[in-house]
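Written below as structure tokens is the structure these notes are about.
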Amino acid sequence: MRIDWDEHGTPTITAEDDLDACRGFGHAQALAHATAVLELYGIARGRAAALWGEEFLDGDLQHARLGLEAAVETWWAAQEATTRQRLEAFCEGFNAACAEDPDLGGARREALPVTARDVVAHVFALFFGFARFWDQGLAFPTAGGEGLLGGGSSAWAVSAQRSRTGEALLMINPHIPWIGPYRMFEARTVSPGRRCHGATPIGFPWQSFARTPEVGWTHTVNPIPQLWVYELETDGDRYRLGEELVPVETCEHHVEVRGSETVTVTERRSVHGPVTTAPDGATVALRIAGVLHRSVTSALECWWQMSLAGSVRDLFAAQERWPLPMFNIVAADAAGSIGAAFCGATPHRPGGSFEDSRHRLPGHDRSLIWEELNPPQSLPRVIDPDCGWVQNVNETPWWFCDPPLDPADHPDGIAPPPDRIRDIRSPLSRARMAATERLGPEELLALKWDTRAHLADIVLDQLLAAVGTDRDLAEAVRTLRDWDRHAEAESRGYLLFHLWAHDHFPVGEVVMDDSRLTPAPEPGGLPTGLRVPEEAVESLRRSVATLTGWGLPLDAAYGEVARIGEVPDEAPASGGPTYFGLFKCLEIVPGQGTWPAIGGDSWICLVRFGAESQTASGLLLPGPASEPGRADTLAPTHRSAPQLFAAEELVVHSPW
């Protein structure tokens with residue numbers, strides 16, 4: 001096995017066989033991210049506090065309180081023998097790298113050696129986190145963090161028949177935070193019978209967003225009814241179920257804390273699932289499709305088998321044989337075909353509604369407790385639609401193509417109805433795909449790098465009119481009227497718009513929350529304006545006060561305040577949250593002083609499947625390594641990823 005690093009810090013692992021390739025993937029990932037991965041594995045074990053102290057206690061308490069160790073054991077026991085062999089090889093490579101260099105892993109080396117079960121536990125933890133991401137406070141505190149508006153991803157594919165160049169085209173473009181379990185690692189692996197170049201969340205053992213000489217695929221997070229929350233009527237240690245009072249099952253766990261006393265925590269369970277206390281104090285039970293209930297445990301094997309697919313059809317067949325717990329797939333292949341598939345664990349509920357999963361259900365009603373999942377082959381998918389393109393920007397799957405898919409052809413309640421799009425990128429993306437007779441790489445790149453805050457085109461004139469002659473907001477009106485409605489580094493006025501939109505719209509629910517925007521007259525279209533302009537004016541007043549309180553002029557240039565990366569590789573920010581209708585995605589944290597970028601575009605990769613050969617170019621953000629001091633070692637002559645992102649440049653991949 002040989003590992004060669006290119007000038008941008010991407011390793012090529014040339015291996016004798018598949019196990020050797022996994023061993024090299026683990027070795028290379030340790031060089032780039034050992035400390036971060038070891039911390040994630042400790043957290044996934046539910047023993048991070050025992051290793052590193054009280055800083056990690058809350059996570060370990062939740063792990064015990066919800067009985068997640070038993071769930072991890074279910075996932076581990078379900079792994080196929082060949083999957084386990086590859087996982088063990090990955091861990092061998094990771095552990096060997098850390099043994100060779102005692103500085104790797106820093107203050108997290110107590111988690112060594114890592115095991116195959118650790119990897120599965122980490123994969124489980126990531127899917128558990130994604131399942132609760134849109135919980136919106138029903139059972140957990142709101143996901144994300146300060147400044148984070150919820151992320152999102154984009155994906156587009158164009159068939160060879162529709163492409164201006166005669167090539168199938170694929171744009172891979174996940175948008176996720178650049179910290180914790182979401183940061184990504186990029187690598188190429190070459191072994192007999194398998195060539196794969198792609199990226200994956202750190203701690204994962206092989207590529208999950210990828211291209212091979214035959215096929216390429218990407219994922220977007222899909223809105224699926226995965227997390228179900230039941231409010232319980234309790235009487236002491238019992239809860240009502242039908243006409244009976246039923247005992248809550250309990251189990252005590254002892255959570256060790258380094259340097260402190262062991263903490264005893266009680267796990268509680270009802271027939272629905274684990275019981276917890278919601279942020280508002282309500283006692284609720286959780287049922288999480290594919291993660292805790294009717295577990296769908298085959299994601300790792302799915303990604304491996306997808307990398308062996310010879311076509312889009314083969315790739316979708318692999319997903320049906322080894323299902324994913326969630327995610328859409330958008331794909332293209334060397335024969336010129338394209339496709340999109342809605343994947344994930346969806347409860348079988350004839351007559352049920354997607355909205356049932358978006359509010360608490362009465363826990364006493366047995367009829368609301370689902371038992372089975374819909375089979376993967378019953379979920380929406382399309383291959384080579386007549387329109388010649390597929391797309392997804394996290395919205396409901398009915399809009400994969402034009403004309404849209406019909407919900408009546410699929411199980412009830414698996415996704416939002418066609419009129420419930422998640423943000424305004426959906427109609428904008430579909431309009432751009434349909435706008436020209438032939439689509440080429442230039443059109444996809446122009447869409448991907450689009451920095452126009454399209455939300456402003458819907459609301460800004462109405463907002464300014466509602467301000468009227470209010471003298472206190474006169475300067476704000478001038479600033480927003482003169483603003484170019486883009487989030488470019490030199491744009492003046494975007495900072496104020498960002499604060500206003502963040503204040504006025506609920507995080508993560510810009511369009512789906514009809515209390516703020518007037519819905520489109522037709523399903524899936526753009527909203528038409530503000531619901532209550534007077535409330536929007538008050539949001540503007542608060543935003544002006546905030547910005548001036550931080551000592552910033554209302555017309556400060558965006559890139560002078562918001563920055564990507566760290567000195568000496570930092571760059572001025574451009575792009576913004578997808579909920580504002582931006583396709584160049586950047587999540588920033590407003591505050592006193594510099595506004596740092598904390599996420600957004602994570603791996604951008606444009607793949608062209610030519611008749612003779614495949615070409616690709618890409619960019620990994622925020623960079624190739626998180627291990628202290630390693631970025632310059634792995635990529636000593638590179639231009640930093642933030643600087644390339646600011647310049648809207650992709651790195652050309654070497655040929656196979």
Side-chain angles (χ1 to χ4, degrees), residues 134 136-137 142-152 394 420-428 451-470 472-487 491-520 525-550 552 554-556 558 561-562 575-582 585-591 595 600:
W134 302 113
Q136 298 299 317
T142 301
E146 184 181 3
L148 187 65
L149 300 187
N394 305 112
R420 302 298 288 170
I421 59 173
R422 203 181 121 207
D423 63 58
I424 64 175
R425 287 177 301 151
S426 177
L428 294 167
T451 61
R452 190 169 185 87
H454 291 276
L455 179 64
D457 296 330
I458 297 170
V459 301
L460 191 55
D461 291 342
Q462 192 178 8
L463 170 63
L464 299 183
V467 172
T469 59
D470 189 323
D472 292 339
L473 294 177
E475 184 183 354
V477 169
R478 285 193 298 272
T479 297
L480 292 173
R481 184 173 290 132
D482 293 342
W483 170 46
D484 62 8
R485 300 194 179 185
H486 283 74
S491 294
R492 296 182 180 274
Y494 175 74
L495 293 174
L496 178 58
F497 180 83
H498 182 103
L499 287 181
W500 169 80
H502 197 180
D503 182 279
H504 189 61
F505 295 104
V507 173
E509 297 288 347
V510 171
V511 172
M512 290 183 72
D513 179 16
D514 293 340
S515 67
R516 296 293 191 273
L517 289 173
T518 303
L526 285 169
T528 59
L530 293 165
R531 279 278 198 189
V532 187
E534 295 76 18
E535 292 181 0
V537 171
E538 293 310 307
S539 290
L540 181 59
R541 198 181 308 280
R542 289 190 293 270
S543 301
V544 168
T546 298
L547 202 57
T548 56
W550 288 334
L552 291 171
L554 300 186
D555 64 348
Y558 179 36
V561 177
T578 56
Y579 295 102
F580 301 168
L582 287 128
C585 180
L586 197 70
E587 299 280 359
I588 56 174
V589 182
W595 297 11

Identify, with sequence neighbours excluded, every residue that meets side chain to side chain donor-acceptor pair (under 3.5 Å) alongside S426.
E395, R430
In short, salt bridge (Lys or Arg N to Asp or Glu O under 4.0 Å) pairs touching residues 491-500 with sequence neighbours left out are R492-E560
With L464, which residues qualify under side chain to side chain contact (heavy atoms under 4.5 Å, CB included), at least two apart?
L460, V477, L480, R481
Test side chain to side chain contact (heavy atoms under 4.5 Å, CB included) applied to V561 and L552, step by step
CA-CA 9 Å; V561 177; L552 291 171; 3.9 Å; yes
Can you see which heavy atom on P527 is nearest to which on I458, and at what distance?
O-CG2, 3.5 Å
Which pairs would a plain distance check flag for residues 530-537, meaning a side-chain donor or acceptor within less than 3.5 Å of a matching protein atom at least two apart in sequence or in another chain?
residue : atom : partner : partner atom : Å
R531    : NE   : D514    : O            : 2.6

How many angstroms lie between atom CG of N394 and atom OG1 of T578, to the nearest 0.5 angstrom?
7.0 Å
Does R542 have any salt bridge (Lys or Arg N to Asp or Glu O under 4.0 Å) partners at least two apart in sequence or in another chain, and if so, which?
D503
Which pair of heavy atoms, one from A487 and one from G576, lies closest together, and at what distance?
CB-N, 4.5 Å
Using atom types as modelled and distance alone, determine if a side-chain donor or acceptor of Y558 lies under 3.5 Å from a backbone N or O of G575.
yes
I'd like to know whether the aromatic ring centres of F580 and H498 sit less than 6.0 Å apart in this structure.
yes
Hits for salt bridge (Lys or Arg N to Asp or Glu O under 4.0 Å) against D457, two or more places apart or cross-chain, chain-then-number order -> R452, R485
Enter the distance from T518:OG1 to Q462:CD here, rounded to the nearest 0.5 Å.
7.0 Å
Please report the closest heavy-atom contact between T528 and P519, naming both atoms and the distance.
OG1-O, 4.0 Å
Partners passing side chain to side chain donor-acceptor pair (under 3.5 Å) against H454 (at least two apart in sequence or in another chain)
D450
What pairs with A453 under side chain to side chain contact (heavy atoms under 4.5 Å, CB included), at least two apart in sequence or on another chain?
W483, F497, L582
Can you name the residues that form a salt bridge (Lys or Arg N to Asp or Glu O under 4.0 Å) with E538, not counting sequence neighbours?
R541
Residue pair S491 / D484, side-chain donor-acceptor N/O under 3.5 Å:
yes
Does the side chain to side chain contact (heavy atoms under 4.5 Å, CB included) test come out yes or no for D472 and V544, once each step is laid out?
CA-CA 10 Å; D472 292 339; V544 168; over 6 Å; no
Evaluate side chain to side chain contact (heavy atoms under 4.5 Å, CB included) for W550 paired with L495, printing each intermediate quantity in order.
CA-CA 12 Å; W550 288 334; L495 293 174; over 6 Å; no
For Y494 versus H486, what's the shortest heavy-atom pair and its separation?
CB-O, 3.7 Å
Got L540 and V467 here, is their nearest side-chain heavy-atom distance under 4.5 Å?
yes
Apply ring-ring contact (aromatic ring centres under 6.0 Å, His included) to H504 and list each qualifying residue two or more places apart in sequence or on a separate chain.
W500
From L547 CG over to L554 CG, what is the distance, rounded to the nearest 0.5 angstrom?
5.5 Å
Please test D423 against L455 for side chain to side chain contact (heavy atoms under 4.5 Å, CB included), starting from the C-alpha separation and ending with a verdict.
CA-CA 10 Å; D423 63 58; L455 179 64; over 6 Å; no
Closest non-hydrogen atom pair, A545 against T548:
O-OG1, 3.2 Å
